[in-house]
Protein chains: 2
Amino acid sequence: MWFAVFGRSTVTRDSIIYKTMTTAKSDTIATRISRRLADRIISGSIEAGAKLRQDHIAEEFGASHVPVREAFRRLEAQGLVVSEPRRGVRVAGFSVEEVREVAEMRAALEVLALRNAAPHLTKAILDQAEDATRAGDRAGDAEAWEKANRAFHRIILAPCGMPRLLKAIDDLHTASARFLFSGWRAEWEAPTDRDHRAILAALRAGEVEAAASVLARHVQWTGHKGQKSSPFPAAARR
Amino acid sequence: MWFAVFGRSTVTRDSIIYKTMTTAKSDTIATRISRRLADRIISGSIEAGAKLRQDHIAEEFGASHVPVREAFRRLEAQGLVVSEPRRGVRVAGFSVEEVREVAEMRAALEVLALRNAAPHLTKAILDQAEDATRAGDRAGDAEAWEKANRAFHRIILAPCGMPRLLKAIDDLHTASARFLFSGWRAEWEAPTDRDHRAILAALRAGEVEAAASVLARHVQWTGHKGQKSSPFPAAARR
DNA sequence: ATTCCAGAAATTATCTATTATTCTGTCGCA
DNA sequence: TGCGACAGAATAATAGATAATTTCTGGAAT
């Protein structure tokens, strides 16, 4: 078992996604708390619907409730928790419709990003993306695969130079990852990534629209995949 | 002049956009503060680059600094302010590139929403949208026009039933509105909305793709419009 | 005048302690 | 079994304090 159960004072292996565990002393405690909670939520270490009690979390991180509350607001904005006044926050649930919704949004936005990135893609960048794809093939578990997958998408989309768009895509990717982990945790097998290679081939050939259409299908497939394989909780609707 | 200058204890006419001034006593002080600050930022009542000092704002709202900080986190997530640790938050600036970025994101997401909403559009809904369009034509100032414009988009997109998507579109709309106000404040003339009518006509005829393509162009036009007419500050990049 | 720097003032980020309000869950009673 | 009162928790917010950092300001030195 990779993940310890969440509790008052349990130490959990964090930062699966945000590998930049730099904890640069420049950022605030609130930021650190929100990052670590995000990791736990994404990994499934805290399950959907679970209540997050500010005092317990404050105690666990050796902080007061003020930065914890700020962290909550950030997680709320990312859609990872839902907050009801005077009732506290709980980990957001996600239904099939929401997963589909996120997939469609990702498809739309990633296509936009790719179109804008295309003119700036160099051979070096595409080679990097190819490395990421190979890393995904070699992945031994869902976490490693997800990390490689995210890297691939980031590499080919980042050159669009649209920070707000990239942030939005990243948040959606996070939501996808949650779903992925919840569905595939048990029976994992590395899927050699045909789509990634098709996208790279099209980009190398300068066929941007072809690449975009494969990308759109690819992202939406990720959204559908679990519809059959994943028995996750309908959980936590307001 | 509609807007008083922002200061320690100046009363400002708020809530241009969020007409639901319900202040339902159910929501928190932090929520109220974030809403009112958002309105001021959107309307241009606080200008880009301005520092927001937590204690001053707390004093003005008769609150302590804790809810103010939470409000800041929310505004940060919406992209209305930028926060630097230990330096405080300031109203986000926006460059032409950012405006274009927001417009393109809106176009992509609104098209997605429209495609999903189309099957659920009824005559009654389209009539409502037409009313909103007419309200826009009659608008005497930028605020009224923006309100009607937002209503139009909401009315035709809401039936998609994708809450996360709608929230994202709304935040982007907010960003657009800021830009709109900054550029058009001075010389305002109501533009009879040809595009809105074209969209409605296409929807009435069941031509969803035609409607979507007009919508995409329409939204992007909004993004371009100001490129010539608006001399706004390059302001506040980190 | 312009630049540079030290000290002062202001501001952020945080903590601790306290209060009001609102949930939640349990116990007794019909 | 179902229902209402009550006690215990938890949230939301206040107030006040403190350390660290940033920003401002008023000269020296160039």
Side-chain angles (χ1 to χ4, degrees), chain A residues 6-9 22-37 41 46 49-77 80-93 235-238, chain B residues 6-9 22-37 41 46-77 80-93 235-238:
Chain A
F6 175 69
R8 282 167 175 268
S9 52
T22 32
T23 309
K25 75 162 183 299
S26 62
D27 54 29
T28 68
I29 292 181
T31 305
R32 278 200 289 270
I33 293 177
S34 72
R35 274 211 290 262
R36 300 193 62 184
L37 289 179
I41 294 169
I46 320 179
K51 276 202 276 268
L52 296 179
R53 287 196 213 74
Q54 58 184 34
D55 288 346
H56 295 176
I57 291 168
E59 196 193 346
E60 190 206 331
F61 285 96
S64 78
H65 66 94
V66 181
V68 173
R69 292 181 62 81
E70 285 182 47
F72 283 175
R73 294 297 150 258
R74 217 169 291 198
L75 295 172
E76 192 183 4
L80 292 177
V81 306
V82 296
S83 168
E84 290 174 284
R86 298 253 164 218
R87 294 205 171 160
V89 312
R90 45 183 61 225
V91 177
R237 305 305 306 155
R238 96 215 83 258
Chain B
F6 175 70
R8 283 167 174 267
S9 51
T22 34
T23 308
K25 74 164 184 296
S26 62
D27 55 27
T28 67
I29 292 181
T31 305
R32 278 200 289 269
I33 293 176
S34 72
R35 274 209 291 261
R36 300 193 61 184
L37 289 179
I41 294 169
I46 321 180
E47 63 183 18
K51 277 201 276 268
L52 297 179
R53 287 195 215 74
Q54 58 184 36
D55 287 347
H56 296 177
I57 291 169
E59 196 193 346
E60 190 206 331
F61 285 95
S64 74
H65 60 94
V66 180
V68 174
R69 292 182 61 83
E70 286 181 49
F72 283 174
R73 293 297 151 265
R74 218 169 291 200
L75 295 172
E76 191 183 3
L80 292 176
V81 306
V82 296
S83 167
E84 290 174 284
R86 297 253 162 220
R87 288 197 174 177
V89 314
R90 47 182 60 222
V91 177
R237 306 306 305 156
R238 96 217 79 256

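Note on naming: letters A, B, ... go to the chains in the order of the sequence lines (proteins, then strands), and numbering restarts at 1 for each one.
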(message) Across nucleotides 13-18 of chain C, 5' to 3', mark each nucleotide with B, S or - according to how protein heavy atoms within less than 4.0 Å reach it.
(response) BBBBB-
For [X] and [Y], which heavy atoms make the closest approach, and how far apart are they?
X: G93(B); Y: A48(B); result: CA-CB, 3.9 Å
X: V81(A); Y: F72(A); result: CG2-O, 3.9 Å
X: T28(A); Y: P85(B); result: CG2-CB, 4.0 Å

(request) Could you check R73(B) against E70(B) for salt bridge (charged side-chain N to carboxylate O under 4.0 Å, His left out), going step by step and ending with a plain yes or no? (result) CA-CA 5 Å; R73(B) 293 297 151 265; E70(B) 286 181 49; over 6 Å; no
(request) May I have the distance from K51(B) (atom NZ) to dT11(C) (atom P), rounded to whole angstrom? (result)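 So the two atoms are 9 Å apart, to the nearest Å.
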(request) Write down the distance between CZ (R53(A)) and P (dA9(D)), rounded to a whole number of angstrom. (result)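 Going from R53(A) (CZ) to dA9(D) (P), I get 12 Å.
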(message) As an exercise, state the distance from CZ of R74(A) to CD1 of I33(A), rounded to the nearest 0.5 Å.
(response) 10.5 Å
